[in-house]
Amino acid sequence: MQIREGPARRPAPSAAGALRSPMSAMMLAMFATMASFYVAGRLWQDAQNRVYLIKELDRRTGQGQSAISVDDTLKVVACRQQGKRLTSLEMELAAAKHGGFVGKYSSETNTTHFKKKPLIFIGIMTSFGRKNYRDAVRKSWLPTGSMLKKLEEEKGIIVRFIIGRSANQGDTFDREIDDENRSTKDFFILDDHIESDEELPMKTKSFFANAAETFDAAFYAKVNDDIYINVDTLSAMLKTHLDKPRAYIGCMKSGEVFSESTHKWYEPDWWKFGDGKSYFQHASGEMLVISRAIAQFISINRSVLRTYAHDDVSIGSWMIGLAVKHVNEAKLCCSSWPSGAMCSAL
């Protein structure tokens, strides 16, 4: 007897689904896990990149390498200085309270003890072996002792002789200046500068930089130690320029550039001044004045500011690329004596 075989039985649909279900769930779980790791990794990487960029920006800003403007840089410096002052005052207040001090505020007390911002810091450029010139200045227009202090407190005019250190630190030259300063207290010694006639442009740059960091004055003046100054006339003139945040004031001139190495005013970089061999307009080096913002700019950028053979030309070159106000003040032409002059050669 032949037995017929019917068609092969197929698993019920429900049974096939039951077989595929565990595999699908596992694949979905693995895919979800991998996706979660990928997303978490990207988020972590993005967070690390943001942290790195923030730290890099802070580092560059702190080192003066950012692309912010000069004005913004000055604001940052001012904020840092204010922060340091506030911290110092808080420490002094805490120490005073610890000692039993109890403060009493009144408008009268505040007016009496309020220390106003100095109008100008005048730096008199001097050097070793020129004590006779310094004494002549002290006898003519620079007060000494308590009168020097009175000039600072009442008129906001600070005056100091500017000098560097000897190449042989602590030698006779240094000791003589230190002894003279202990007696007169009218020196501003540049410990970071080696005194040399050939390095006057570098000395002038160091003076402005250090003066801006030490004295919060509205203006800074550079003057030679053989110049007489009428401080009252100078003060009155400067007050008319307080509305100019970037003022460069002096007896403006140009002049010939000398390429002969034997000439007294030889300029090694003479070729940079074109075929005409004439300097750009700049203030005479006998006496010139700059505002605080410019002095701060010099302080911040001292390491990259180029100097030439002469200090007045060097300062003038720094002004060319800045948005400063050149003020040609004939009364600061010290070699002559115009009406109402503020300075003259002694």
For the pair [X] and [Y], find out whether any cationic side-chain nitrogen is under 4.0 Å from an anionic carboxylate oxygen.
{"X": "Lys253", "Y": "Glu286", "value": "no"}
{"X": "Arg165", "Y": "Asp192", "value": "no"}
{"X": "Glu152", "Y": "Arg160", "value": "yes"}
{"X": "Lys222", "Y": "Asp311", "value": "yes"}
{"X": "Arg134", "Y": "Asp225", "value": "no"}

- Donor on one side chain, acceptor on other, Glu195 and Ser127, under 3.5 Å: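 Absent: no donor and acceptor within the cut-off.
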- Please indicate whether Asp179 has more than 12 foreign heavy atoms, meaning atoms of other residues, nucleotides or ligands, lying under 6.0 Å from its CG.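 Yes, the 6.0 Å shell around CG holds more than 12 heavy atoms from other groups.
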- Task: State whether the SG distance for the cysteine pair Cys251/Cys334 is less than 2.5 Å.
- Result: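 Disulfide absent: SG-SG distance not under 2.5 Å.
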- Which residues share a side-chain hydrogen bond (donor to acceptor under 3.5 Å, both in side chains) with Lys131, sequence neighbours left out: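 For Lys131, the residues satisfying side-chain hydrogen bond (donor to acceptor under 3.5 Å, both in side chains) (neighbours in sequence not counted) are Asp135.
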- Pairing residues for Phe207 by the ring pair (Phe, Tyr, Trp, His ring centres under 6.0 Å) criterion, not counting sequence neighbours: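 With sequence neighbours excluded, Phe207 shows a ring pair (Phe, Tyr, Trp, His ring centres under 6.0 Å) to Phe121, given in chain and number order.
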- Message: I need the minimum non-hydrogen distance between Asp174 and Asn168, along with the two atoms involved.
- Response: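 Closest approach of Asp174 to Asn168, heavy atoms only: OD2-O, 4.1 Å.
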- Give the minimum heavy-atom separation between Ser166 and Asp171, together with the two atoms involved.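 In terms of heavy atoms, the two residues are closest at OG-OD2, 2.6 Å.
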- Determine the sole option in Trp318, Phe273, Tyr279 for which the ring pair (Phe, Tyr, Trp, His ring centres under 6.0 Å) test with Tyr308 is passed.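 Checked Trp318, Phe273, Tyr279 against Tyr308; only one passes ring pair (Phe, Tyr, Trp, His ring centres under 6.0 Å): Phe273.
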- Item | Any donor-acceptor pair under 3.5 Å from Thr214 side chain to Ala211 backbone |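 The answer is no, because no donor-acceptor pair under 3.5 Å joins these two groups.
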- Message: Enumerate the ring pair (Phe, Tyr, Trp, His ring centres under 6.0 Å) contacts for residues 146-182, please, sequence neighbours excluded, ordered by first and then second residue.
- Response: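 For residues 146-182, and leaving out neighbouring residues, the ring pair (Phe, Tyr, Trp, His ring centres under 6.0 Å) pairs sorted by first residue read Phe128-Phe173, Phe161-Phe187.
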